[in-house]
Asks: 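Take a look at this one; I'll ask things after.
Quick note: residue numbers are just sequence positions, from 1.
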Amino acid sequence: MKRKLLLVCFFSIFAVLVQSFQCASPEMTTAKLAIRNQEWAKAETNLEKEIQNNPSNVEAYIMLAELKMQIGDLMGAARTINLSNPYLKDSPLRIKAEQFKSNLWRLAYNYGVDLFNKYFSTKKTSFLDSSIKTFNAGITVRSQISDFYPLIAQAYETKGDTDDAVKYYELYGEIIQKELDFAKESGIYIKIPRENALKKLGKPEYSKGLRYSPTSDSIVIDKFVVGNREIFIFSNDKGKVFEVFGWKVEPPKEWLTEEKEQPTEMNSIPFASLAQIYFNRKEYDKSIQNVQKILILEPENSDVNSFLVSVYDAQGKRSEAAKFIESLVAKDPSNKVYRAQYGDILLQLGEYDKAIEQYEQALKIDPNFDFALRNCAAAYKNKVAIIQKRQVESGKNEPKEYIGDLEKSVEYFERCRKTPRFMNDFEVLGELSQLYFVNNKSDKVKEIAAELEALDPLVKQEDKEKYLYTLLKIYDSYLKNEKKMREIQERINNLNK
């Protein structure tokens, strides 16, 4: 599950409200005394009477909502505090009411996540039902908090209720429409370096740092005012650079500053889920619409481009994928991301020369564009493989035909692995080892093998098996080192025990 939100510190509303008895009605006086004595039912009855007799009494709404939260009725608390909305504009207690809403939705989020996690440890569906109800309490007071909708959808999907899952995934898209529009207009996307985002948006009105705990990532919050719109950009520390992971556009004016600044992650999973669900239902147009939303948020995600080709292919419109991205390039030919996206689609379609052309255009715009370097190298490598296959089938062996493309592939992989993103990428090193082997450069293969072994401590546990198979292939197919082969095979076997 997603990490919990940081709960802001706040003093008890009870502690303040029950201290002032002057000019209070008998119902309010009785309710305050009952609260002090923890007579919750008596307090609730009197506060409800007070609200019925004096519907503009914001203090009574806050006390009753706090009481309901105290006894665990989060939805009741949410509905109660919302009844005060028509009277908040001119009330001296407006900030207290908004503070209560802020704390209530955070509590609902954290408690809902706990319930969701309890389902995974117990497999009791009652925890899923409770988590959905709890998340909905948060939505009741803060319907624009987008984080709730994917969680509710995932809970329904886990229950096997696809229709309700679709409903909440779709609601998520509606809630973040401003954020999607902003991303399209500005060229901001998930994982764009913060430095690049600032170049696009200009100087922020202010920036501030944040860290939830000593072990968590550092976060930078940048506030911009564009026209009359407040825009908050959230970036986290990824080693050498800060990368954007979310943004808020025009949060509601009644929100407290701390809510506007609450880091919010842009989430493409709802659109991926919808794309897959609609694809399975053969509703291909809806599937494509959701893929296109993912590409707004994650234009560097080559897996999405691959899926887009699959959807168009299922429609019998394989070339439409290329036409869609080509139209983006035509509108903005200097956009390196569009160029790389177009290259990715062409790569999927097996049009390697055209893909290379687009990647190299992107690299003219930014010579260090890591994904373009990575995929351009792959395009050259695939082109070499096609030529070699043709030569084998025809009984020819003419390295001159492909040696230039082979060297280009090596060049781009070498440049790729010097970028921060791919500096410790074992798959890139594995690709290079194969190219050096084909090019009869055994010393280079040995160097790559040594570098790969040095990466061992940095490889995540979930990637360990794939990493070890990469090493095994080098020592088995290229270097013929039986001792190393046995050692690595033993490690693989131990992983699977």
Asks: Strictly distance-based, threshold 3.5 Å: is any side-chain N or O of Y156 a donor or acceptor partner for the main-chain N or O of D161?
Replies: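 Such a contact is absent between Y156 side chain and D161 backbone.
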
Asks: With a 4.5 Å limit on heavy-atom distance, are the side chains of R142 and K101 in contact?
Replies: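 Yes, side chains in contact.
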
Asks: Between I296, L180, I188, I190, which is the residue that forms a side-chain contact (heavy atoms from CB on, under 4.5 Å) with M266?
Replies: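 When side-chain contact (heavy atoms from CB on, under 4.5 Å) is applied between M266 and each of I296, L180, I188, I190, only I190 qualifies.
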
Asks: Any donor-acceptor pair under 3.5 Å linking the side chain of S409 with the backbone of A377?
Replies: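 Yes: the side chain of S409 pairs with the backbone of A377.
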
Asks: Output the distance between atom CD1 (I474) and atom CD (E453), rounded to the nearest 0.5 Å.
Replies: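 With rounding to 0.5 Å, CD1 (I474) is 9.0 Å from CD (E453).
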
Asks: Tell me yes or no: between the side chains of Y412 and E407, is some donor less than 3.5 Å from an acceptor?
Replies: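 Result is no, nothing qualifies.
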
Asks: Heavy-atom distance under 4.5 Å between the side chains of L363 and L373, does that happen here?
Replies: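 L363 vs L373: side chains touch.
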
Asks: Are the aromatic ring centres of Y284 and Y278 under 6.0 angstrom apart?
Replies: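 Not close enough - the centres of the two rings lie 6.0 Å or further apart.
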
Asks: Please find out if less than 6.0 Å separates the ring center of Y342 from that of Y338.
Replies: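 For Y342 and Y338, the ring centres are not under 6.0 Å apart.
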
Asks: Pair R339, Q358 - check side chain to side chain donor-acceptor pair (under 3.5 Å), show working.
Replies: CA-CA 5 Å; R339 291 279 186 185; Q358 293 303 318; 3.0 Å; yes

Asks: Heavy atoms, side chains only, cut-off 4.5 Å: are D456 and K464 in contact?
Replies: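 Side-chain contact under 4.5 Å: yes.
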
Asks: Any luck finding a side-chain donor-acceptor pair between D344 and Q348 under 3.5 Å?
Replies: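 Their side chains do not contain a donor-acceptor pair, so the 3.5 Å distance test is not met.
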
Asks: To check you understand the geometry: which heavy-atom pair defines the closest contact between C416 and V428, and what is its length?
Replies: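 In terms of heavy atoms, the two residues are closest at SG-CG2, 4.1 Å.
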
Asks: Using a cut-off of 6.0 Å, state whether more than 12 heavy atoms not belonging to K418 lie near its atom NZ.
Replies: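 Result for NZ/K418: enclosed.
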
Asks: Compute both the distance and the angle, then confirm whether K336 meets the cation-pi test with F369: under 6.0 Å from the six-membered ring centre, within 45 degrees of the axis.
Replies: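 Yes, K336 and F369 form such a contact.
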
Asks: Is the backbone of F182 close enough, under 3.5 Å, to the side chain of S186 for a donor and an acceptor to pair up by distance?
Replies: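 Confirmed, S186 side chain pairs with F182 backbone.
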
Asks: Please say which of E157, R281, K167 ends up in a side-chain contact (heavy atoms from CB on, under 4.5 Å) with T162.
Replies: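 Of all the options given, the one that passes is R281.
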
Asks: Mind checking the CG-CZ spacing from L210 to F234? Nearest 0.5 Å is all I need.
Replies: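 It is 10.0 Å, given to the nearest 0.5 Å.
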
Asks: Does a side chain donor of either E326 or Q341 reach within less than 3.5 Å of an acceptor in the other side chain?
Replies: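 Per modelled atom types, E326 and Q341 side chains form no pair under 3.5 Å.
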
Asks: Answer with yes or no whether the side chains of K248 and T264 bring together a donor and an acceptor at under 3.5 Å.
Replies: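 Yes - a donor-acceptor pair under 3.5 Å links their side chains.
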
Asks: Heavy-atom count around R79 CZ within 6.0 Å, excluding the residue itself: above 12?
Replies: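 No.
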
Asks: Can you say whether the rings of F371 and F422 are parallel (under 30°), tilted (30 to 60°) or perpendicular (over 60°)?
Replies: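 Judged by the thresholds at 30° and 60°, the geometry between F371 and F422 is perpendicular.
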
Asks: Would a distance-only check, ignoring hydrogens and angles, find a side-chain to backbone donor-acceptor pair under 3.5 Å from Y149 to S143?
Replies: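 Checking the backbone N and O of S143 against the side chain of Y149, a donor-acceptor pair under 3.5 Å is found.
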
Asks: Do D222 and R194 meet the salt-bridge criterion of a basic N to acidic O distance under 4.0 Å?
Replies: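 Salt bridge present between R194 and D222.
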
Asks: Would the number of heavy atoms belonging to other residues, nucleotides or ligands and lying under 6.0 Å from NZ of K354 be above 12?
Replies: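 Counting neighbours around NZ of K354, 12 or fewer heavy atoms of other residues, nucleotides or ligands fall under 6.0 Å, so no.
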
Asks: Look at the aromatic rings of W105 and F148 and report parallel, tilted or perpendicular, splitting at 30° and 60°.
Replies: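 Ring orientation of W105 relative to F148: perpendicular.
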
Asks: How many angstroms lie between CD1 in I387 and CG in L406, if you round to the nearest 0.5 Å?
Replies: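 If I round to the nearest 0.5 Å, the distance is 10.0 Å.
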
Asks: Is there a donor in the side chain of Q276 and an acceptor in the side chain of N280, or the other way round, less than 3.5 Å apart?
Replies: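 N280 and Q276 do have a side-chain donor-acceptor pair below 3.5 Å.
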
Asks: Check step by step if side-chain contact (heavy atoms from CB on, under 4.5 Å) holds for I325 and L346.
Replies: CA-CA 10 Å; I325 303 295; L346 293 166; over 6 Å; no

Asks: Using a cut-off of 6.0 Å, state whether more than 12 heavy atoms not belonging to L495 lie near its atom CG.
Replies: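 Counting neighbours around CG of L495, more than 12 heavy atoms of other residues, nucleotides or ligands fall under 6.0 Å, so yes.
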
Asks: State whether the side chain of E179 and the backbone N or O of V249 hold a donor-acceptor pair below 3.5 Å, judged by distance alone.
Replies: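 Such a contact is found between E179 side chain and V249 backbone.
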
Asks: According to the interplanar angle, ranging from 0 to 90°, do the rings of Y87 and Y61 count as parallel (below 30°), tilted (30 to 60°) or perpendicular (above 60°)?
Replies: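 It falls in the parallel class, under 30°.
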
Asks: Any donor and acceptor pair, going by atom type alone, linking the side chain of N368 with main-chain N or O of T419 inside 3.5 Å?
Replies: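 Here the side-chain-to-backbone pair does not exist.
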
Asks: Please say whether more than 12 non-hydrogen atoms of neighbouring residues, nucleotides or ligands are located less than 6.0 Å from CD in E427.
Replies: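 Enclosed: over 12 neighbouring heavy atoms sit under 6.0 Å from CD of E427.
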
Asks: How long is the straight-line distance from CD of E411 back to CG of D405, given to the nearest 0.5 Å?
Replies: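 Spacing of CG (D405) from CD (E411) equals 12.0 Å.
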
Asks: Is the closest side-chain donor-acceptor distance between S268 and E298 under 3.5 Å?
Replies: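 Side-chain D/A pair, S268 to E298: present.
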
Asks: Determine whether Y172 and E170 make a side-chain contact, defined as any pair of heavy atoms from C-beta on separated by less than 4.5 Å.
Replies: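 No, too far: nothing below the 4.5 Å cut-off.
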
Asks: Any side-chain heavy-atom pair from E250 and K260 closer than 4.5 angstrom?
Replies: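 No, side chains not in contact.
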
Asks: Around atom NZ of K223, are there more than 12 heavy atoms of other residues, nucleotides or ligands at under 6.0 Å?
Replies: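 Enclosed.
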
